[in-house]
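Worksheet for the structure shown next.
So you know, we letter chains A, B, ... as the sequences are listed, proteins then strands, and number each from 1.
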Number of protein chains: 2
Amino acid sequence: MNIFFKALNDPTRREILELLNKGDLTAGEIADCFSMTKPSISHHLDLLRQADLVVSIREGQYIKYSINTTVFDGVVVWLMQFKKST
Amino acid sequence: MNIFFKALNDPTRREILELLNKGDLTAGEIADCFSMTKPSISHHLDLLRQADLVVSIREGQYIKYSINTTVFDGVVVWLMQFKKST
DNA sequence: TAGATATTTAGACAAATATCTAATTATTAT
DNA sequence: ATAATAATTAGATATTTGTCTAAATATCTA
């Protein structure tokens, strides 16, 4: 839970997730969507990967990133606990 | 969204929410549940209040805190966007 | 093999964060 | 009024975080 909220506690990383939700992208394509250096984006991708929110596979010269939505289930359950008691 | 994830990006604050989900508590009662000074807890409560996740009202000498679960709705919607496409 | 492209890693640095102690404000009760 | 209790605010400090530049790694192509 910790690493998840840490990963989501940044607007750039949340935007990356929204981008990947529309389709897979390479690291470079993701970086092109932001006014930030590639190393910075790479670092954000690393945090998202640590939280298991994205998966990466090398495709030749490129590294392609995909969103992993299964992680959200646990968090939604955690959030829903607060709505039960109504 | 920013302030919400910021507020939730701390285990102590998440635990405070879980406590308040069982019932209202005063600042002191909350602090007693943690091995941390009262000023530190007060600071966490302040962040939770900024995120509108808790509400506080003074009751005489005490200040009572309640959880505000309405905020979760928006976040669950945000999280659910990632599950739609399945 | 050399050079070009894609990406990450390393190291530095400023800004944000979590925590503490000490001081302040607010309320109650003697 | 004074003292006691509840809670916050202020200020200090160590740690974490986001960003950058420079360097390193990996792949492709001529």
Checklist entry - Heavy-atom distance under 4.5 Å between the side chains of Leu79(B) and Val75(A), does that happen here? => result yes
Next on the checklist: Within the 4.5 Å heavy-atom criterion, are His44(A) and Met36(A) side-chain neighbours or not?
Outcome noted: yes
Checklist entry - Can you pull the contact range of chain B along DNA chain C, 5' to 3', using atoms under 4.0 angstrom from its heavy atoms? => result dT17(C) to dT28(C)
Checklist entry - Hey, does Leu47(A) reach any base, or is it just sugar-phosphate, or nothing, if we go heavy atoms under 4.0 Å? => result sugar-phosphate
Item to check | Side-chain heavy-atom pair Ile41(A), Leu45(A) within 4.5 angstrom cut-off | outcome: yes
Item to check | For Arg49(A), salt bridge (Lys or Arg N to Asp or Glu O under 4.0 Å) partners two or more places apart | outcome: Asp46(A)
Item to check | Smallest separation among heavy atoms of Phe72(B) and Lys83(A), with atom names | outcome: CB-CD, 4.3 Å
Checklist entry - More 5' along DNA chain D: His44(A) or Gly60(A), using each one's nearest nucleotide? => result His44(A)
Next on the checklist: I want to check something: taking the side chain as every heavy atom from C-beta on, are Thr26(A) and Tyr65(A) in contact at a cut-off of under 4.5 Å?
Outcome noted: no
Checklist outcome for this item: Taken to the nearest 0.5 Å, the spacing of Leu19(B) CG from Asp24(B) CG works out to 12.0 Å
Next on the checklist: Are Trp78(A) and Phe5(A), when compared by the centres of their aromatic rings, separated by less than 6.0 Å?
Outcome noted: yes
Checklist entry - Under a 4.5 Å cut-off applied to non-hydrogen side-chain atoms, are Glu15(A) and Phe34(A) in contact? => result yes
Checklist outcome for this item: To the nearest 0.5 Å, atom OG1 of Thr12(A) lies from atom CG of Asp10(A) at 4.5 Å
Protein-nucleic acid N or O pairs under 3.5 Å, nucleotides 3-8 of chain D:
from, atom 1, to, atom 2, distance (Å)
dT5(D), O2, Gln61(B), NE2, 2.8
dA7(D), OP1, Ala27(B), N, 3.4
dA7(D), OP1, Ile63(B), N, 3.3
dA7(D), OP2, Gly28(B), N, 2.7
dT8(D), OP1, Tyr65(B), OH, 2.4
dT8(D), OP2, Ser42(B), OG, 2.8
dT8(D), O5', Ser42(B), OG, 3.1

Checklist entry - Do Val71(A) and Leu53(A) come close enough that some side-chain heavy atom pair is under 4.5 Å? => result yes
Next on the checklist: Are the side chains of Leu20(A) and Leu48(A) in contact, using a 4.5 Å heavy-atom criterion?
Outcome noted: no
Checklist outcome for this item: The correct set of residues in residues 1-10 of chain A placing a heavy atom under 4.0 Å from DNA chain D is Lys6(A), Asn9(A), Asp10(A)
Checklist entry - Which atom pair, heavy atoms only, marks the closest approach of Lys38(A) to Ala31(A)? => result CG-CB, 3.8 Å
Checklist entry - Which dot-bracket string describes DNA chain D (Watson-Crick N1-N3 plus N6-O4 or O6-N4, or G-U N1-O2 and O6-N3, all under 3.5 Å; [ ] crossing; | other strand)? => result ||||||||||||||||||||||||||||||
Checklist entry - For DNA chain D, which residues in residues 11-19 of chain A have a heavy atom at a distance below 4.0 Å? => result Arg13(A)
Checklist entry - Would you call Asn2(B) and Arg14(A) a side-chain contact if the rule is heavy atoms closer than 4.5 Å? => result yes
Checklist entry - Is it the case that one hydrophobic cluster holds both Leu47(B) and Leu8(B), taking links as side-chain heavy atoms less than 4.5 Å apart, direct or via other members? => result no
Checklist entry - Closer to the 5' end of DNA chain D via nearest nucleotide, is it Glu59(A) or Ser35(A)? => result Ser35(A)
